[in-house]
J.: 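What follows is a structure written as structure tokens; I'll ask about it next.
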Amino acid sequence: QVQLVESGGGLVQAGNSLRLSCATSGRTFSSHAMGWFRQAIGKEREFVAAINWSSRLTYYADSVKGRFTISRDNARNMVYLQMNSLKPEDTAVYYCAAGAEPTLTPGLTPPEYYYWGQGTQVTVSS
């Protein structure tokens, strides 16, 4: 059974940092693109960051560029999202996602991902 399990969310004050982790199991995703998405209350799920299998290609939403960093450890089947200088508008449920098949470049939209975690809540207070 394929599982993606996020952790590391919580309540922080604006300006602080959080590091989200995504543990994958059930199959290997070392050749797959991985992504982070978020969904705030009343809004659609939106792209945050993505990384290709080798970590050579990373993509970020404009709203998080320069503040968030995506990384992965294929040997440990882990994906991370380091979030610095958090803002109240970063408040959302954050989801880890994996593509269905190996790809050269990561997708930037939810339909391009097949496997999803259950999400972890990030709340940033002002």
Side-chain angles (χ1 to χ4, degrees):
Q1 179 182 0
V2 175
Q3 283 191 311
L4 280 66
V5 180
E6 303 95 336
S7 61
L11 171 63
V12 296
Q13 289 188 328
N16 285 351
S17 300
L18 279 176
R19 187 194 194 205
L20 303 184
S21 299
C22 174
T24 68
S25 62
R27 67 172 293 178
T28 179
F29 290 105
S30 58
S31 298
H32 292 61
M34 300 293 296
W36 285 96
F37 291 79
R38 67 186 182 187
Q39 188 166 16
I41 294 175
K43 295 187 177 182
E44 295 186 351
R45 191 167 299 189
E46 65 174 4
F47 168 75
V48 175
I51 188 168
N52 81 324
W53 68 274
S54 68
S55 301
R56 291 184 180 179
L57 297 176
T58 57
Y59 299 88
Y60 298 93
D62 288 341
S63 58
V64 307
K65 202 170 293 183
R67 299 188 297 122
F68 291 11
T69 303
I70 188 171
S71 61
R72 66 190 297 166
D73 184 340
N74 287 338
R76 298 186 177 186
N77 299 314
M78 297 291 294
V79 183
Y80 306 98
L81 185 68
Q82 178 67 44
M83 306 187 295
N84 298 330
S85 303
L86 283 162
K87 304 175 181 180
E89 50 264 44
D90 294 320
T91 295
V93 177
Y94 283 71
Y95 298 91
C96 174
E101 299 296 335
T103 56
L104 292 177
T105 57
L108 307 184
T109 62
E112 296 177 90
Y113 290 83
Y114 184 78
Y115 299 101
W116 292 84
Q118 83 290 347
T120 185
Q121 176 70 46
V122 171
T123 303
V124 184
S125 63
S126 57

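Just so you know, these numbers come straight off a predicted model, no measurement behind them. Numbering of residues begins at 1 and proceeds along the displayed sequence.
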J.: Which distance, rounded to the nearest 0.5 Å, do you find between the CZ of Arg72 and the SG of Cys22?
T.: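 Reported to 0.5 Å precision, the distance equals 10.0 Å.
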
J.: Considering non-hydrogen atoms only, spot the tightest contact between Arg38 and Ala92 and give its length.
T.: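 Heavy-atom minimum between the residues: CB-CB, 3.8 Å.
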
J.: Rounded to the nearest 0.5 Å, how far does CD of Gln13 lie from OG of Ser126?
T.: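 Taking OG in Ser126 and CD in Gln13, the distance rounds to 9.0 Å.
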
J.: Using the rule side-chain contact (heavy atoms from CB on, under 4.5 Å), only one of Thr69, Leu57, Thr58 pairs with Ile51; which is it?
T.: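 Considering Thr69, Leu57, Thr58, a side-chain contact (heavy atoms from CB on, under 4.5 Å) with Ile51 is found only for Thr58.
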
J.: Do Val48 and Met34 belong to the same hydrophobic cluster, where Ile, Leu, Val, Met, Phe, Trp and Tyr are linked whenever their side-chain heavy atoms lie under 4.5 Å apart, directly or via other members?
T.: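 The answer is yes; both residues are in one hydrophobic cluster.
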
J.: Ring centroids only, cut at 6.0 angstrom: are Tyr95 and Tyr113 within range, meaning strictly under it?
T.: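 No: the rings miss the under 6.0 Å criterion.
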
J.: If you take all heavy atoms of Ser125 and Pro88, which pair is closest and at what distance?
T.: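 Reported closest heavy-atom pair: C-CG, 4.5 Å.
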
J.: Give a yes or no on whether the backbone of Ile70 and the side-chain of Tyr60 come within a donor-acceptor separation of less than 3.5 Å.
T.: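 Yes, because the side chain of Tyr60 sits within donor-acceptor range (under 3.5 Å) of the backbone of Ile70.
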
J.: So do Trp36 and Cys96 actually touch side chain to side chain, heavy atoms under 4.5 Å?
T.: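 Sidechains of Trp36 and Cys96: in contact.
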
J.: Which atom names give the shortest non-hydrogen contact between His32 and Arg27, and what distance separates them?
T.: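 Smallest heavy-atom distance, with atoms named: NE2-NH2, 3.3 Å.
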
J.: Return yes if some donor-acceptor pair links the side-chain N/O of Glu6 with the main-chain N/O of Gln118 below 3.5 Å, else return no.
T.: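 Looks like yes, one N/O pair under 3.5 Å.
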
J.: Are Val79 and Val64 co-members of a hydrophobic cluster defined by side-chain heavy atoms under 4.5 Å apart?
T.: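 Yes, Val64 connects to Val79 through the hydrophobic network.
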
J.: Using modelled atom types and a 3.5 Å cut-off, is there a donor and acceptor pairing between side-chain atoms of Thr24 and backbone atoms of Asn77?
T.: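 Yes: the side chain of Thr24 pairs with the backbone of Asn77.
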
J.: Quick one: do Thr105 and Asn52 satisfy side chain to side chain donor-acceptor pair (under 3.5 Å)? Show the steps, please.
T.: CA-CA 6 Å; Thr105 57; Asn52 81 324; over 6 Å; no

J.: Just one of Asn16, Val12, Thr91 clears the side-chain contact (heavy atoms from CB on, under 4.5 Å) bar with Leu86, so which one?
T.: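 The option that passes is Val12.
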
J.: Below 4.0 angstrom, N of the basic side chain to O of the carboxylate: do Lys65 and Asp62 qualify?
T.: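 Here Lys65 pairs with Asp62 in a salt bridge, since their nearest N and O are under 4.0 Å apart.
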
J.: Using every non-hydrogen atom in the two residues, find where Pro110 and Trp116 come nearest and quote the distance to one decimal.
T.: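 Closest heavy-atom pair between Pro110 and Trp116: O-CZ2, 3.5 Å.
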
J.: Keeping Asn74 on the side-chain end and Trp53 on the backbone end, is there a donor-acceptor pair under 3.5 Å?
T.: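 At least one qualifying donor-acceptor pair exists.
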
J.: I need the minimum non-hydrogen distance between Ser17 and Ser85, along with the two atoms involved.
T.: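 Result for this residue pair: OG-N, 4.2 Å.
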
J.: Any chain of hydrophobic side-chain contacts (each under 4.5 Å) joining Phe37 to Leu81?
T.: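 No, Phe37 does not connect to Leu81 through the hydrophobic network.
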
J.: Between Tyr80 and Leu20, is there shared hydrophobic-cluster membership here, with clusters defined by ILVMFWY side-chain heavy atoms closer than 4.5 Å?
T.: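 Unlinked, Tyr80 and Leu20 end up in two clusters.
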
J.: Is the shortest side-chain heavy-atom distance between Thr103 and Glu112 below 4.5 Å?
T.: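 No, too far: nothing below the 4.5 Å cut-off.
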
J.: Walk me through whether Phe29 and Tyr115 qualify under ring pair (Phe, Tyr, Trp, His ring centres under 6.0 Å).
T.: CA-CA 10 Å; Phe29 290 105; Tyr115 299 101; 5.4 Å; yes

J.: With the side chain counted from C-beta on, respond yes when Ser71 and Gln82 share a heavy-atom pair under 4.5 Å apart, and no when they do not.
T.: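 They are not in side-chain contact.
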
J.: Are any of the side-chain heavy atoms of Met83 and Asp90 separated by less than 4.5 Å?
T.: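 Heavy-atom side-chain distance check fails, nothing below 4.5 Å.
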
J.: List the atom of Gly107, the atom of Phe47, and the distance in Å for their closest heavy-atom pair.
T.: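 Heavy atoms of Gly107 and Phe47 come nearest at O-CE1, 4.2 Å.
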
